[in-house]
Amino acid sequence: MDPVVCVEIGEEKKYTSMKESTNYDYVVLLPFSHAKIKVIHSKNLLRSGTLVGTFKLDVGTVYSQPEHQFHHKWAMLSDHDDITAGCKGYVKCDIAVVGKGDNIKIPHKANETDEDDIEGNLLLPEGVPSERQWARFYVKIYRAEGLPKMNTSIMANVKKAFIGENRDLVDPYVLVQFAGQKGKTSVQKSSYEPIWNEQIIFTEMFPPLCRRLKVQIRDSDKVNDVAIGTHFIDLRKIANDGDKGFLPTMGPAWANMYGSTRNYTLMDEHQDLNEGLGEGVSFRARLLISIAVEILDTSSAEIMSSTELPTGKLQGQALSLDKKSLQMGCGSPAVCEFVWPLGANIDWKMEEFFLFGSFLEATMIDRKIGDKPISFEVTIGNYGNQIDGVSKPASANKKKEDGGEKAEDDGDLMSVPSTPPMKPVITDRNYFHLPYFEKKPCIYIKSWWQDQRRRLYNSNIMDKLADKLVRLPLKLLSDLKRNTVRDKLKLVFNFLHRLRFLADEPQHSIPDVFIWMISNNKRIAYARIPSKDILYSIVGEEMGKDCGKVKAVFLRLPGKKGFGPAGWTVQAKLEMYLWLGLNKQRKDFLSGLPNGFEENKATKGTGIQAVPPISLVYNMKQVFQLRAHMYQARSLFAADSSGLSDPFARVFFSTHSQVTEVLNETLCPTWDQLLVFDNVELYGEAGELRDDPPIIVIELYDQDTVGKAEFIGRTFAKPLTKMVDEHYGPPRFPPQLEYYQIYRGNCTAGDLLAAFELLQVQAVHTLPPIDGPTDSDRGPILPVPLGIRPVLSRYRIEVLFWGLRDLKRINLAQVDRPRVDIECAGKGVQSALIQNYKKNPNFSTLVKWFEVDLPENELLHPPLNIRVVDCRAFGRFTLVGSYAVTSLRKFIYNPPDKTANNWNEDEKEKENKKKKKKKKGEEVDEEEPDESMLDWWSKYFASIETMMEQFKLILIGKAGDDDDHNVVDDDRIVGRFKGSLCMYKLPLSEEITREAGFDPNMGMFQSIPHNDPINVLIRIYIIRATDLHPADINGKADPYIVIRLGKSAIRDKENYISKQLNPVFGKSFDIEATFPMESMLTVAVYDWDLVGTDDLIGETKIDLENRYYSKHRATCGIASNYSVHGYNVWRDPQRPTQILGKLCKEGKLDGPHYGPGGRVKVGNRIFLGPTEIEDESEEHLALTVLRHWEEIPRVGCKLIPEHVETRPLLNPDKPGIEQGRIEMWVDMFPMDVPAPGPAIDISPRKPKRYELRVIIWNTDEVILEDDDYFTGEKSSDIFVRGWLKGQQEDKQDTDVHYHSLTGEGNFNWRFVFPFDYLMAEEKIVISKKESMFSWDETEYKIPARLTLQVWDADHFSADDFLGAIELDLNKFPRGAKTAKQCSLNMVLKEHELPTISIFKQKRVKGWWPFVARDENDEFELTGKVEAELHLLTAEEAEKNPVGFGRNEPEPLEKPNRPTTSLSWLLSPIRVTRIMCWRQYKLATVVTLLIITGLIFLGLLFFSLPSAFIQKIFNISG
């Protein structure tokens, strides 16, 4: 078949190229929602393809996998139109979901020889069984209620004017989507409470890979249907796969739907919320729904034709009227049918619920709202909604009538859903607050819901278990062993995740509570509170976590308004008390409020105990003083164009607000300021306030000279409370500084280092004193007290300014005169000005330093900020870019004698591993290779196992290097600063400054070379590329190399390699460059195209300057051996003795001293080298020291060995996705030293021409396939076919040995196979065009394998295949000497038998078995062949030519075939003998004996009478 794979995501489709096989290498990049993979069988371009099978899954399933991907997994294809057909095949694919800033982790590529375990590598999430069954998903839709009155104010009047009646204006229907299928109910005309009683049936495999089911109520319209509300059901939450598991089952249950506000306007600005995009801001409707799943028995013949459904469904005429199939784009129908309505016994018991809320505080109200009176509205469902709220349902009224004796005095009590409007009071320049003071407004709402509290109670229990589990690991850590901590924590967190998952109850009966702030009759901001969080229960574990508690609630803008800068600001902060429970349990609804209040009720008189209050009047209050110790902030956002900010902090507590001073131009402000809030009045008892004080809100702003301050971020804190009767001292006081995470929206925006304490005031003298006088320089500003402020030490920070690279244009102008500014804790230093960035991007002054006071605790160190500015005309400075070094710990200076050799341990381990690998490799080699056959590629293939690693060469690291640098978007990177930092505490040890040659101007950077421009010869060796991404429609590429360095570029376009994804280039390129202007080397692989521009496949970039100046000497790798000639010639222009002498001189070491016996002394170390080498012995000894240079104390480090780098190829258009790999290395030689020798020849090996001559002598015991027409005897017309793998079109056949009755065949036939062979890779090289339209030939490398087959020739039908043998010419079993010794074991036990190589043996003759697979898929012997293999080089074959078959030259004799093989008539007696004697030997002998006996008896009886007569009458006598 010729398959094509189609990947469909949403409305977008992408196809792979058509292949005449089933192997693919293709990458598809699409935005994600729901993914579908289809395989189409297409014969040609003129006919549309036939769908083979489909595989579907949610992209969310992929994202939930480790690394967000499935790798090398088999997707099982199925046909939704024929579910009894089973599996339609498998597609092996990689699927990854990449978000912005994510990188795809590229696992190893599977080899062709790897055997694929399809069943063990199915594309399925963990826990899903490999064998899935077909199932029907029944979604029953009963009825809906609470639908909003759509556009009542406008359209109702229009309709009433034309029609004359005011009907409901909603025509609802339900749309259900699942696994790419859709189904919908009928439309109920003009109904706010529609009743459907219908079910939608989907057919999909179970467990489904699409886990979400989307249910949507829509309003039918002739122009455009509008969504009323959307609800998503996760099938995992309504099923259990455990031992006591059950299929997805739900309901019948009410599904609450949320969406936009119920303000009825012609255009709804929050319509996206009704589609399920974003958090709903208001209750929209609720739908009675149930879900069930039925597993299908696909073996049943009636499965597809049967329309019989579970009991309780309407049959007959009603079914035929209501049944309809909705054909979807995916080809799978969803069926809608009528179902019986729920009986009265199934409808749940309605209960009266009571919701009470009290607003204790309303602060931080955004001043943009205006100074109009503000009120707050609370709703639950439609209860409390002032526009279209509902009254008591009929079922609840009926209940009251039935149980009249239980009716209470408040039966007709009206709900109070909103607070009275109140004019706001100014807090500061940003916020208002409402002056509630001692009078706290209250709301209460009565509502009626089905009593399903038990589900919410269970959810609360699991939530509280999970909260306890979070605190549990910290207590258990001390009891665990170090090696088991990780496993135990993983187990705990898995269990925690499971608990959180189970706690999310999918069948909520009670809708969420919404709190809206209303001003000037407009809904401004909202908060949504889950009803289960405030649900009351008499059992503490079942009660909601916020029920009967005072909690801070932050209101936010609805819908899209809440995103971006507008959503960063707080619209209002409420201190609220909420209680939700049964009306009959409401006697406890005030128990959680702070004590000391009186109830203010709306009615007076009898029965007022049952009436809830409309406000609370507090007569008990406490006075406190809040001390906010604002010490420091770090890693703030840069709000100004200079790359810095002018930050200040605003602290809010209750209705009070204070600000810190403004610190100019810093991202790490150290305010060191104490803010004191006096006379803070809090209502309630002192003990309650001590245990649960109100929260403090801290907002950070950037001060601008013109305009309003810009918001930076916000954080929250709780103060440490001290009552009057407590002692101010350890362990609780004074409070310790803590880090508080600052947020701006959902993003982190830095950290705040501060402490907060709340002190009760009874008299002024009872407060602890404030230590230290006010700062005279800072006016009345109080510093943080000494007991809280961290202990500071004097540090010196030295900065190495090397240079700037890759600076982009700023405001369309190029950067010409850049400067780097370093700032830390308010102190800093500036680099020298680069006068001309184009000519020399390095700094003239290398090292500068500054001193700063930093905390001794390293965790409290502020980050260091790096800014690059461009100095332009008229004294203007333009910010180019900035970076924050978050941790200074890695730059702290440590004395070298303590950690001189620690870093070498990993390198030693690697070296030991390499040695071990090498030893293992040596044991495998049985024979030493011929020296004359060795070249550079021999060395490459011998070392490829041990040298496949990338060496990170670090001298001067980019200060921007950090663990999270990959997250930064490439578009935001404007350049690179090349430098380093060194930080140490003052004063510096005298031992360091007294060292010989210590330069105080260079500080700790003593061995840094100068950064003047230098000319360098760059020699780039490109070996090969692997696993390139296909660039052409045929799934291949035509790659060639492009090298760029500065303004120089080399395009090797003429030498492109046709149709290869693993090309071998084997080239070297020389480029002259000047550092630092030309230091970034780019090696790119392009795809050659005949028409149009060439496409970039991928590129890799190397900073050559970093390598050149590296102390690890990365200019030219140190070879393992020193050779002056041959393929392993020493590449470096400096000999090992010169290199060693230079290193000793730079490191101020004594030596080297070469002594007898292979001894070399360097400093205090003595090295032993090889003594058996006489020529250039000192060079070999010096090389031994260089290879162990890391063992030298103080200055020793690992020198880069000779190696091959394997670098990933990346494409800027496909960030994070590897496009292949390239194997290469780079040598660098300064131009001011003697020129290096010629480049090493690494050109690809040319294949050698060979000729394989195969003589087929005889066959034996070939199975007999034909039946003789006359006699019925078995026979075969035998011929042998042979070819080399990859040359099937050049297959050769012997002549036919007709009518073989014994399986014996005689041929004496010669095959001749010429081929090109690469000895080192043991591959045959074939060059041929893929098709008649191909521009040039494609090169293939195929294992050298000879295939011989035995066939039975037929005249009027296809020939019959009898058996085959495949011989690996490099390793095949020696042939048997006789046919009897040839057996099936030569194939079954091939690995145990001695093997030979035709390339070493040259000529071999023997018997080999033909095998084939029987019905049980096991090998059986089908014949034997006697063959002779003779291998000759092309030169030898030209000298001694032979003919094909039995032709000249050197013809073979004609075979001595029996005449029966030609005709029956030529030798009937011989044929009779062969046919009769061989099969009927015993019968023939017995028959002959019987006939002989009968003749004897006949003659006896014939002669007896005359014998008797003669005897009686004695005639003779």
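These numbers come from a predicted model, not from an experiment.
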**Q** Would you sort out whether D225 and D219 count as a side-chain contact (heavy atoms from CB on, under 4.5 Å), showing the intermediate values?
**A** CA-CA 6 Å; D225 293 357; D219 179 23; over 6 Å; no
**Q** Keeping the roles fixed (side chain from K1059, backbone from K1036), state whether a donor-acceptor pair exists under 3.5 Å.
**A** no
**Q** Look only at the side chain of Q1219 and the backbone of I1217, and say whether a donor-acceptor pair between them is shorter than 3.5 Å.
**A** yes
**Q** Using the test ring-ring contact (aromatic ring centres under 6.0 Å, His included), find all partners of F1361 that sit at least two apart in sequence or belong to another chain.
**A** W1351
**Q** Under a 3.5 Å distance rule, please check whether R1221 uses its side chain to pair with a backbone N or O of L1028 as donor and acceptor.
**A** no
**Q** Just by modelled atom types, is the A227 backbone N or O under 3.5 Å from a matching donor or acceptor in the Q271 side chain?
**A** yes
**Q** Going by side-chain hydrogen bond (donor to acceptor under 3.5 Å, both in side chains), name the residues that satisfy it together with R1413, two or more places apart in sequence or in a different chain.
**A** none
**Q** Just do the salt bridge (charged side-chain N to carboxylate O under 4.0 Å, His left out) check on K56 and E8 with the steps written out, would you?
**A** CA-CA 9 Å; K56 296 182 292 184; E8 181 179 339; over 6 Å; no
**Q** Is the backbone N or O of I201 less than 3.5 Å from a side-chain atom of Q181, with the two atoms forming a donor-acceptor pair by type?
**A** no
**Q** Does Y63 offer a backbone N or O that forms a donor-acceptor pair with the side chain of H68 under 3.5 Å?
**A** yes
**Q** Taking only residues two or more places apart in sequence or in another chain, which ones pass side-chain hydrogen bond (donor to acceptor under 3.5 Å, both in side chains) with N1055?
**A** D1052
**Q** Give a yes or no answer on whether the side chain of D1087 reaches the backbone of I1097 with a donor-acceptor pair at less than 3.5 Å.
**A** no
**Q** Would you check, one step at a time, whether the test side-chain contact (heavy atoms from CB on, under 4.5 Å) holds for V1064 with K1341?
**A** CA-CA 11 Å; V1064 177; K1341 293 181 180 179; 4.0 Å; yes
**Q** Would you please test E198 and K140 for salt bridge (charged side-chain N to carboxylate O under 4.0 Å, His left out) and show each step?
**A** CA-CA 6 Å; E198 298 175 11; K140 298 181 182 179; over 6 Å; no
**Q** Under a 3.5 Å distance rule, please check whether T1100 uses its side chain to pair with a backbone N or O of L1209 as donor and acceptor.
**A** no
**Q** Can R1024 be said to sit on top of F1065's aromatic six-ring, NZ or CZ under 6.0 Å from centre and within 45° of the ring axis?
**A** no
**Q** Distance only, no hydrogens: is a donor on one side chain within 3.5 Å (strictly under) of an acceptor on the other, for Q216 and T230?
**A** yes
**Q** Got a sec, which residues hit side-chain hydrogen bond (donor to acceptor under 3.5 Å, both in side chains) with D1094, two or more places apart in sequence or on another chain?
**A** Y1040, K1053
**Q** Go through the structure and list residues passing side-chain hydrogen bond (donor to acceptor under 3.5 Å, both in side chains) with N240, not counting sequence neighbours.
**A** none
**Q** Output all residues satisfying salt bridge (charged side-chain N to carboxylate O under 4.0 Å, His left out) with D221, sequence neighbours left out; order by chain, then residue number.
**A** none
